[in-house]
Undergrad: 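Take a look at this one; I'll ask things after.
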Amino acid sequence: MSFFIPKGHVLMLLGLSFVFFSCKSNGEKDIANTGDQGNTYRQDELSVQEGMQLFNTHCASCHDFNANNIGPSLAGVTGEVDKAWLIDFIKNPKHKIEAGDVRGVRLYETYSTYMPGFEHFSQDDFEALLGFVHKYSEAEKKSKRKRSGAITDPIPEKITQSNLLLVLEEVLQVPASADHHPKARINKFFALPTPEGERQFIADLNGTLFEAKESTVSSYLDMAGELPNFISVPGFGTGLGSFDFHPNFDESGLLFTTHTEPAHTRKADFPLPDSLKVALQWVLTEWKAEDPLSSKFKGTKRELLRVDMIGSAHGFQEVSFNPMAKKEDADYGHLYLGVGDGGAIYADQPQLVGQKDQIWGSVIRIDPLGSNSDNGQYGIPSDNPFVGNGEGIPEIWAYGFRNPHRISWDVKDPRRMYVSNIGRHSIEEVNLVEKGRHYGWPNREGTFLFDSSANTEVVYPLPKDDEGYDYPIIQYDHDEGNAVSGGFVYHGTLEKLQGKYLFGDIPRGTLFIADVDNVTNGHQAIIQKMEFLFNGETTTFDALLGGARVDLRWGMDSTGELYLFTKYDGKVYKVVNCIAKDAPST
């Protein structure tokens, strides 16, 4: 009997070799030591996602990681079979078999056919593919339950290209805070309107809040110098996380920041259970400037809030006032803060998130000038959803987030709050957030089921009786990007962008545009990719930076104009025009 093996399904026999013959950011790739063979596999996010794309193209229709389908389960194959043999076999299985290779011969005797070779794969292709197989199969081995129906390509439809081009102009070079890439860990841009005119600020995670004036920047606040316990470790999202000025800063002189300190520096207002190890603490601080007009901060500070984190990732994210709120609005002067899950799933502690009575994985809302919180350092607005009903933490505005990275509002309707939520290994999303709602994590990732007790590298179909969660209005999978860079609904002077939500992908630097004017919860907006014109050339950040990790962020000034900036080189660009691709630039 002979068996037909579909062309391209390279891992089918690769996996069978395991079944029958198991042997029991400088641009460098992260690797992991595995198995008795001493093999190493790339485990950095971009490589793994590239491997997932190769797997989805060539292997997924035949293979699972927890069951034998058309091909065998691949769980554990990278730890059991020598990596060099796997690569040689994928390249040219017929050659291996005819040379008398024991495994290859047995496979041929079993199936009476040759598998097509993949000599056109580059070494990077092999490394990425096997890196993905390793990471996925290791997660399957560690899972507490075996769940069928895993989806490795949640959104197979590709995002189309917009016919619009942004025109960018470089406006700032932030001084390097490191002698390697990322040169400047610039994380947030903010424009402060004042009676004397707009002031622009940009923060470096390494500890400096800069003020930008025309094409130069100067230090406004040296947090690393002001805070003796301040810590900043590149690659772990620590340091000066975010900042915002009180809406009447010109009178009050109040500035609010977040930063990291070592575990147990002080007693946390929201501590982890005693049985869990604390990795670090995130702190919300109020700074009061003696002279709000001064170009250098001088004044006092006080701590408002301190939270224990189980891991170094996914800590305090955006801290922001609603810039669209007027003095007569209920939202005026209330401070929002995105609190990540602290890497709870990595630590196998899913019970810490997705709960009304846990602060992790939520967006909170406080009155920094009040005092009715448990620690007496801030107030809790009376219209917060869990005030006075005994259901949850009164600070919480919404919950069920993995990493609520950026928050922005729509000028046409200040009640429309957009929260970008960085996913795990499947879905990136933007949510239209309403108070008291649950946005899914850790039971949902985008419009898919996530199961922390099963293979956490993938998602699964939603159950038929699905209810109790709100779903994103924008989502894309990891074929298209790796971590969403939240943006803004545009309301500047460029007609072609009016009412459009512009955002991007952090590591790849891809730009996206979506029309969100009429999108409501439970529906997804159509998104498109965008290129841009820079120095007269149409390009992307991936091309501009030679394929390096971009670390893209977005900012908006007080007139609604957009800025983009990249940690890789510390450059800040302004969107000065938007044209059709076939139109001449002006």
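Not measured: the values here are computed from a predicted model.
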Undergrad: Could you tell me whether Phe210 and Phe201 have their ring centroids closer than 6.0 angstrom?
TA: no

Undergrad: To the nearest 0.5 Å, how far apart are CD1 in Ile186 and CD1 in Ile202?
TA: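 Ile186 atom CD1 to Ile202 atom CD1 measures 4.0 Å (nearest 0.5 Å).
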
Undergrad: Using a strict cut-off of less than 4.0 Å between a Lys/Arg side-chain nitrogen and an Asp/Glu carboxylate oxygen, indicate whether Glu480 and Arg508 qualify as a salt bridge.
TA: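 Here Glu480 does not pair with Arg508 in a salt bridge, since their nearest N and O are not under 4.0 Å apart.
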
Undergrad: Please tell me whether Phe256 and Phe321 form a close aromatic pair, meaning their ring centres lie under 6.0 Å apart.
TA: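 Yes.
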
Undergrad: Between the side chains of Thr540 and Asp542, does any donor sit under 3.5 Å from an acceptor?
TA: no

Undergrad: Set out, in order, the CA-CA distance, both residues' side-chain angles and the distance that settles side chain to side chain contact (heavy atoms under 4.5 Å, CB included) for Leu280 and Thr238, then state yes or no.
TA: CA-CA 9 Å; Leu280 52 76; Thr238 56; 3.6 Å; yes

Undergrad: Give a yes-or-no answer on whether the side chains of Asp308 and Gln281 include a donor-acceptor pair shorter than 3.5 Å.
TA: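 Judged by distance alone, the side chains do pair up.
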
Undergrad: Is there side-chain contact between Arg406 and Tyr418, with at least one heavy-atom pair below 4.5 Å?
TA: no

Undergrad: Holding to ring pair (Phe, Tyr, Trp, His ring centres under 6.0 Å), I want the full list of residues that pass it with Tyr563, two or more places apart in sequence or in another chain.
TA: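 Residues passing ring pair (Phe, Tyr, Trp, His ring centres under 6.0 Å) with Tyr563: Phe189.
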
Undergrad: Which residues satisfy the ring pair (Phe, Tyr, Trp, His ring centres under 6.0 Å) test with Tyr476, sequence neighbours excluded?
TA: Phe512

Undergrad: Does a side chain donor of either Asn421 or Tyr439 reach within less than 3.5 Å of an acceptor in the other side chain?
TA: no

Undergrad: Which atom pair, heavy atoms only, marks the closest approach of Gln498 to Tyr490?
TA: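 For Gln498 and Tyr490, the tightest heavy-atom pair comes out as NE2-CE2, 3.5 Å.
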
Undergrad: Looking at every non-hydrogen atom in both residues, tell me the closest pair between Pro350 and Pro442 and how far apart they are.
TA: O-CG, 3.9 Å

Undergrad: For a quick test of reading the model, state the closest non-hydrogen atom pair linking Val484 to Glu428 and the distance between them.
TA: N-OE1, 2.9 Å

Undergrad: Heavy atoms only: give me the nearest Pro292-Gly253 pair and the separation to one decimal.
TA: CG-CA, 3.9 Å

Undergrad: At their closest point, which heavy atom of Ala543 faces which heavy atom of Thr539, and how far apart are they?
TA: CB-OG1, 3.5 Å

Undergrad: Can you sort out the partners of Arg444 under salt bridge (Lys or Arg N to Asp or Glu O under 4.0 Å), two or more places apart, ordered by chain and number?
TA: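 Applying salt bridge (Lys or Arg N to Asp or Glu O under 4.0 Å) to Arg444 gives Asp466.
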
Undergrad: Between the side chains of Gln317 and Asn403, does any donor sit under 3.5 Å from an acceptor?
TA: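 Yes, a side-chain donor-acceptor pair sits under 3.5 Å.
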
Undergrad: Looking at side-chain heavy atoms only, is the closest gap between Lys567 and Arg553 below 4.5 Å?
TA: yes

Undergrad: May I ask you to test the Met530-Leu166 pair for a side-chain heavy-atom distance under 4.5 Å?
TA: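 Heavy-atom side-chain distance check passes, below 4.5 Å.
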
Undergrad: Without hydrogens or angle criteria, can the side chains of Glu198 and Ser558 be said to hold a donor-acceptor pair below 3.5 Å?
TA: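 Distance-only check passes for Glu198 and Ser558.
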
Undergrad: For a 4.5 angstrom cut-off between non-hydrogen side-chain atoms, does Phe245 reach Leu255?
TA: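 Yes, their side chains come closer than 4.5 Å.
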
Undergrad: Quiz question: by atom type and distance under 3.5 Å, do the side chains of Glu561 and Thr493 form a donor-acceptor pair?
TA: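 Side chains of Glu561 and Thr493: pair found under 3.5 Å.
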
Undergrad: Are the ring centres of Trp554 and Phe503 closer than 6.0 Å?
TA: no

Undergrad: Mind listing the closest non-hydrogen atom pair of Tyr501 and Ser408 along with its distance?
TA: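 Closest approach of Tyr501 to Ser408: CE1-OG, 4.1 Å.
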
Undergrad: Would you indicate whether the side-chain heavy atoms of His246 and Glu251 approach each other to under 4.5 Å?
TA: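 Not in contact.
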
Undergrad: Using the rule given for ring-ring contact (aromatic ring centres under 6.0 Å, His included), can you reason through Tyr568 versus Phe541, listing the C-alpha separation, both sets of side-chain angles and the distance that settles it, and then say yes or no?
TA: CA-CA 10 Å; Tyr568 177 81; Phe541 279 114; over 10 Å; no

Undergrad: Measure the spacing between OG of Ser452 and CG of Asn443 and express it to the nearest 0.5 Å.
TA: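 Rounded to the nearest 0.5 Å, the OG-CG separation comes out at 7.0 Å.
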
Undergrad: Could you walk me through whether Val283 and Phe316 pass side chain to side chain contact (heavy atoms under 4.5 Å, CB included), step by step?
TA: CA-CA 8 Å; Val283 183; Phe316 283 5; 5.8 Å; no

Undergrad: Looking at Glu286 and Lys301, is there a salt bridge between them, counting it only when a charged N and a carboxylate O are closer than 4.0 Å?
TA: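 Here Lys301 does not pair with Glu286 in a salt bridge, since their nearest N and O are not under 4.0 Å apart.
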
Undergrad: Would one find more than 12 heavy atoms of other residues, nucleotides or ligands at under 6.0 Å from atom CG of Asn389?
TA: yes

Undergrad: Atom CG of Asp374 and atom CD1 of Ile393: how far apart are they, to the nearest 0.5 Å?
TA: 9.5 Å

Undergrad: Got Gln524 and Gln475 here, is their nearest side-chain heavy-atom distance under 4.5 Å?
TA: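 Of all side-chain heavy-atom pairs linking Gln475 with Gln524, at least one is under 4.5 Å.
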
Undergrad: Thinking salt bridges, do Asp517 and Lys412 make one under a 4.0 Å N-O criterion?
TA: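 Yes.
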
Undergrad: Any side-chain donor paired with an acceptor under 3.5 Å for His259 and Glu261?
TA: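 Looking only at side-chain atoms, Glu261 and His259 do form a donor-acceptor pair, the distance falling under 3.5 Å.
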
Undergrad: Measure the spacing between CZ of Phe230 and OG1 of Thr257 and express it to the nearest 0.5 Å.
TA: 9.0 Å

Undergrad: For residues 168-178, please give each side-chain donor-acceptor pair under 3.5 Å, one per line with the distance, not counting sequence neighbours.
TA:
residue, atom, partner, partner atom, Å
Glu170, OE2, Lys571, NZ, 3.3
Gln173, OE1, Lys571, NZ, 2.9
Gln173, NE2, Asp569, O, 2.8
Gln173, NE2, Gly570, O, 3.3
Ser177, OG, Asp204, OD1, 3.4
Ser177, OG, Asp204, OD2, 2.7
Ser177, OG, Asn206, ND2, 2.7

Undergrad: Please check if the side chain of Thr285 supplies one atom and the backbone of Arg302 the other of a donor-acceptor pair under 3.5 Å.
TA: no

Undergrad: Atom CZ in Arg185, atom OG1 in Thr208: separation rounded to 0.5 Å?
TA: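 It is 11.5 Å, given to the nearest 0.5 Å.
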
Undergrad: I want to check something: taking the side chain as every heavy atom from C-beta on, are Gln349 and Gln351 in contact at a cut-off of under 4.5 Å?
TA: yes

Undergrad: Begin from the C-alpha positions of His405 and Glu318 and carry the test side chain to side chain contact (heavy atoms under 4.5 Å, CB included) through to its verdict.
TA: CA-CA 6 Å; His405 196 248; Glu318 182 87 275; over 6 Å; no

Undergrad: Could you grab the distance from atom OG of Ser362 to atom CZ of Phe270, nearest 0.5 Å is fine?
TA: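 Reported to 0.5 Å precision, the distance equals 8.5 Å.
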
Undergrad: So with a 6.0 Å cut-off around CD of Glu196, is the heavy-atom count from everything else above 12?
TA: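 Yes, enclosed.
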
Undergrad: Hey, are the side chains of Val575 and Leu502 touching, using non-hydrogen atoms and a 4.5 Å cut-off?
TA: no

Undergrad: Mark yes or no: Lys296 above the aromatic ring of Tyr220, with NZ or CZ under 6.0 Å from the six-membered ring centre and no more than 45 degrees from the axis.
TA: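 Output no; distance or angle outside limits.
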
Undergrad: Only pairs under 3.5 Å count here: list side-chain donor-acceptor contacts from residues 430-438, not counting sequence neighbours, and write none if there are none.
TA:
residue, atom, partner, partner atom, Å
Asn431, ND2, Glu429, OE2, 3.0
Glu434, OE2, Asn521, ND2, 3.4
Lys435, NZ, Asp383, O, 2.9
Arg437, NE, Asp470, OD1, 3.0
Arg437, NE, Asp470, OD2, 3.2
Arg437, NH2, Asp470, OD1, 2.6
His438, ND1, Gly440, N, 2.9
His438, NE2, Gly354, O, 3.2

Undergrad: What side-chain donor-acceptor pairs closer than 3.5 Å can you find for residues 333-346, not counting sequence neighbours?
TA:
residue, atom, partner, partner atom, Å
His334, ND1, Ala330, O, 3.1
His334, ND1, Arg365, NH2, 3.0
Tyr336, OH, Asp331, OD1, 2.7
Tyr336, OH, Asp331, OD2, 3.1
Tyr336, OH, Arg365, NE, 3.1
Asp341, OD1, His314, ND1, 2.8
Asp341, OD1, Gly343, N, 2.8
Asp341, OD2, Trp441, NE1, 3.0
Tyr346, OH, Arg402, NH2, 3.0

